[in-house]
Q: 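Would you mind keeping the following structure in view while I ask a few things?
Heavy-atom basis, side chains included; hydrogens, waters and symmetry copies ignored.
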Amino acid sequence: MCLNTLAQTETNYYDKPAIIVNGNGSDLNNSKALKGKAKRKMITQKMVLNLIDVVNRNGADERKKSYWNTYHCQNRIFTANGKLYGKYCKNRFCTLCCAIRKAELINKYLPVIKEWEQPYFVTLTVKAFELKYLRKLILKVMAAFNRIMTKYRKRHQRGKGIKLVGIKSLECNFNPIKKTYNPHLHLIVANKEMADTLIKEWLQIWTRKYTIGIAQDSKPINDKEKALIEIIKYGSKIFTEPDLFKNAYGEHNIYAAALDNIFRSMQGLRIFERFGFDLPKENSRKETHATVIKNYGEWIFNPACFDWINADSGQRLSNYEPLPQLIELLNNRIDTDLV
């Protein structure tokens, strides 16, 4: 049963053992954030069950454990003193953990990017290939970028070239019509000269056999925070349009088998990293620990309610109600066919 009532988190629950919660907790009074958390949890659970179905069919048991860990991420949470606490899986395919990671990276990198007078957003890409070439292609994309960095680092050290400064993110798209994958790099660099240099060198390395100039992109950044969010977003597109363009009905599909292929091909690689600069030193922060005695609420996520339910009172935590379009997408438009 899902009671449509707001959580009464200040209620005292007696005869409970003391528990230890880790971290500083998140704000329990931010109703918008709570609804967003419930939405991400619902999407993640639906997605992961389909990914588990995929690995069961292709025998990839090594990823099954990680997927199940993500399914259980934040299943059980505790509330006390206006804060929410729970354990995170920290997997890159968990939307709950990605949201936290995104916030952390914005806090780290936005102050640096704001110091760049006119940064540029750059996309470096190559032609798409079939799955059997994907891992090799991703490694070559990373190696090509590192080759450019090494060349200009040495030139700069000799006083004969510019220093390349920026951040980059690896992403991969899937074309469900052609059954091909397109790994590419998104970058923010400090100025136009760096952007032009990267594209010139990229085209020279790959030649017209594998890419062309019109496929690359470079544009000045007006909203630095928005550009940073774009760079650090998830390393694959969960919601993929059937032909990579919005069709007449604006419909989207989720290609679970293709996502599993992308996760497997990117395994062990750094998706996001900086180059050419160091971050300001931070004061070492130790994770805080707090003992909560008796006065806490325990909540269990119920997929049927799209919400966490209080173990004692049956009350809902966020009162999140998903849009019908999202329910239809998650229930009927996830494709698990192996590709």
Q: My understanding is that only one of I254, N253, L51 makes a side chain to side chain contact (heavy atoms under 4.5 Å, CB included) with I334; could you say which?
A: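 Only match with I334 under side chain to side chain contact (heavy atoms under 4.5 Å, CB included): I254.
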
Q: Just by modelled atom types, is the G161 backbone N or O under 3.5 Å from a matching donor or acceptor in the H156 side chain?
A: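 Flag set: sc H156 to bb G161 pair under 3.5 Å.
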
Q: Out of D217, N182, T211, which one pairs with T125 under the side chain to side chain donor-acceptor pair (under 3.5 Å) rule?
A: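 The single option meeting the side chain to side chain donor-acceptor pair (under 3.5 Å) with T125 is N182.
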
Q: In Å and rounded to the nearest 0.5 Å, what is the CG to CE distance from L134 to M266?
A: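 Result: 7.5 Å between the selected atoms.
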
Q: Using a strict threshold of under 4.0 Å (side-chain N to carboxylate O), is an ion pair present between D53 and R57?
A: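 Looking at D53 together with R57, the answer is yes, because their closest N to O distance falls below 4.0 Å.
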
Q: Would you kindly confirm whether I100 and L96 end up in one hydrophobic cluster when ILVMFWY residues are joined by side chain heavy atoms under 4.5 Å apart?
A: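 Each belongs to a different hydrophobic cluster.
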
Q: Can you tell me how far CG of L269 sits from CG of L139, rounded to the nearest 0.5 angstrom?
A: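 Result: 6.0 Å between the selected atoms.
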
Q: Angle class for the H72/W68 ring planes (parallel below 30°, perpendicular above 60°, tilted otherwise)?
A: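 Because their plane-to-plane angle is under 30°, the rings of H72 and W68 count as parallel.
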
Q: Is the F275-F145 ring centre distance short of 6.0 angstrom?
A: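 Centroid distance F275-F145: below 6.0 Å, so yes.
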
Q: As a quick check of understanding, evaluate side chain to side chain contact (heavy atoms under 4.5 Å, CB included) for I148 and L198, giving each step before the final call.
A: CA-CA 7 Å; I148 297 170; L198 283 169; 3.9 Å; yes

Q: What's the spacing between S318 OG and W299 CH2 if we round to 0.5 Å?
A: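 Here the rounded value is 9.5 Å.
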
Q: When you measure from the side chain of E230 to the backbone N and O of K226, does any donor-acceptor pair fall under 3.5 Å?
A: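 No; judged by distance alone, with no hydrogens or angles, the pair does not exist.
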
Q: Between D307 and N319, is there a donor-acceptor pair closer than 3.5 Å when you use the side chain of the first and the backbone of the second?
A: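 Between the backbone of N319 and the side chain of D307 there is a qualifying donor-acceptor contact (under 3.5 Å).
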
Q: Using a strict 4.0 Å threshold on nitrogen-to-oxygen distance, state whether K168 and E273 make a salt bridge.
A: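 Yes, charged N to carboxylate O under 4.0 Å.
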
Q: What is the minimum heavy-atom distance between P119 and I188, and which atoms define it?
A: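 It is CB-CG2, 4.1 Å.
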
Q: Answer yes or no for K127 and F129: cation-pi contact, defined as NZ/CZ to six-membered ring centre under 6.0 Å and angle to ring axis within 45°.
A: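 Yes; both conditions hold, so K127 lies above the ring face of F129.
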
Q: Looking only at atom types and distance, does a side-chain atom of R135 sit under 3.5 Å from a main-chain N or O of Q267, one as donor and one as acceptor?
A: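 Such a contact is found between R135 side chain and Q267 backbone.
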
Q: For residues N261 and Y181, is any side-chain donor paired with an opposing acceptor at under 3.5 Å?
A: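 Per modelled atom types, N261 and Y181 side chains form a pair under 3.5 Å.
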
Q: Is there a donor-acceptor contact under 3.5 Å from the side chain of N91 to the main chain of C94?
A: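 Not confirmed, N91 side chain does not pair with C94 backbone.
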
Q: Count I, L, V, M, F, W, Y as connected when their side-chain heavy atoms are under 4.5 Å apart, and connections chain through other members. Are Y88 and L34 then in the same cluster?
A: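 Result: no, two separate clusters.
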
Q: Before accepting this row, confirm whether a basic side-chain N of the pair D27/K83 lies closer than 4.0 Å to the acidic partner's carboxylate O.
A: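 Answer for the salt bridge query: no.
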
Q: Would L105 and L279 show up in the same hydrophobic cluster when neighbours are defined by side-chain heavy atoms closer than 4.5 Å?
A: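 They do share one cluster, since a chain of ILVMFWY contacts under 4.5 Å joins L105 to L279.
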
Q: Taking the inter-plane angle between the rings of Y320 and F306 on a 0 to 90° scale, is it parallel (under 30°), tilted (30 to 60°) or perpendicular (over 60°)?
A: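 Because their plane-to-plane angle is over 60°, the rings of Y320 and F306 count as perpendicular.
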
Q: Considering non-hydrogen atoms only, spot the tightest contact between G276 and V165 and give its length.
A: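 The pair with the smallest heavy-atom distance is O-CG2, 3.6 Å.
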
Q: Side chain to side chain contact (heavy atoms under 4.5 Å, CB included), that's the test. Do N58 and V54 meet it? Break it down for me.
A: CA-CA 6 Å; N58 65 17; V54 169; 3.9 Å; yes

Q: Which pair of non-hydrogen atoms, one from I106 and one from L228, has the smallest distance, and what is that distance?
A: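 Residues I106 and L228, closest heavy atoms: CA-CD2, 3.8 Å.
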
Q: Cation-pi check, R63 to Y67: give yes when NZ or CZ is under 6.0 Å from the six-membered ring centre and within 45° of the ring axis, no otherwise.
A: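 Judged by the rule, R63 and Y67 form no cation-pi pair.
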
Q: Taking only Lys NZ, Arg NE, NH1 and NH2, and the carboxylate oxygens of Asp or Glu, determine whether E321 and K39 approach each other closer than 4.0 Å.
A: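 Salt bridge: no.
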
Q: Applying salt bridge (Lys or Arg N to Asp or Glu O under 4.0 Å), run through K179 and E130 and close with a yes or a no.
A: CA-CA 7 Å; K179 309 296 184 185; E130 298 173 355; over 6 Å; no

Q: Under 6.0 Å between the ring centres of F93 and F263?
A: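 Between F93 and F263, the centre distance is under 6.0 Å.
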
Q: Please determine whether residues I300 and L28 belong to a single hydrophobic cluster, defined as Ile, Leu, Val, Met, Phe, Trp and Tyr linked transitively by side-chain heavy-atom distances below 4.5 Å.
A: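 No: no chain of side-chain contacts under 4.5 Å links I300 to L28.
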
Q: How close do A144 and I205 get, counting heavy atoms only, and between which atoms?
A: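 Heavy-atom minimum between the residues: O-CD1, 3.6 Å.
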
Q: Evaluate the ring planes of W116 and F277, with Trp represented by its six-membered ring, and classify them as parallel (under 30°), tilted (30 to 60°) or perpendicular (over 60°).
A: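 Taking F277 first and then W116, their aromatic rings stand perpendicular (interplane angle over 60°).
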
Q: Please tell me whether I221 and L124 are part of a single hydrophobic cluster in this structure, the criterion being side-chain heavy atoms less than 4.5 Å apart.
A: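 Yes, same cluster.
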
Q: Verify the distance criterion only: is there a donor paired with an acceptor across the side chains of K90 and N69 at less than 3.5 Å?
A: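 K90 vs N69: no donor-acceptor pair found between side chains.
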
Q: Check whether W308 reaches the backbone of Q74 with its side chain - one donor and one acceptor, N or O, closer than 3.5 Å.
A: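 Yes, W308 side chain to Q74 backbone: donor-acceptor pair under 3.5 Å.
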
Q: May I ask you to decide if A256's main-chain N or O and D260's side chain share a donor-acceptor pair within less than 3.5 Å?
A: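 A pair under 3.5 Å: no.
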
Q: Main chain of L203, side chain of T207: is a donor-acceptor contact present, judged purely on distance under 3.5 Å?
A: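 Between the backbone of L203 and the side chain of T207 there is no qualifying donor-acceptor contact (under 3.5 Å).
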
Q: Rounded to the nearest 0.5 Å, what separates atom CD in E115 from atom CG in L110?
A: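 One finds 10.5 Å between CD of E115 and CG of L110.
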
Q: Please report the shortest heavy-atom distance between T95 and R40, naming the atom on each side.
A: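 It is OG1-O, 2.8 Å.
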
Q: Taking the six-membered ring for Trp, are the ring centroids of Y71 and F301 within less than 6.0 Å of each other?
A: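 So the answer is no for these two rings.
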
Q: Please round to the nearest 0.5 Å and tell me the distance separating atom NZ of K37 and atom CG of N30.
A: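 Reported to 0.5 Å precision, the distance equals 11.0 Å.
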
Q: Output the distance between atom OG1 (T336) and atom CG (N56), rounded to the nearest 0.5 Å.
A: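 T336 OG1 to N56 CG: 11.0 Å, rounded to 0.5 Å.
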
Q: Considering non-hydrogen atoms only, spot the tightest contact between Q45 and P303 and give its length.
A: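 Minimum heavy-atom contact is OE1-CG, 3.3 Å.
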
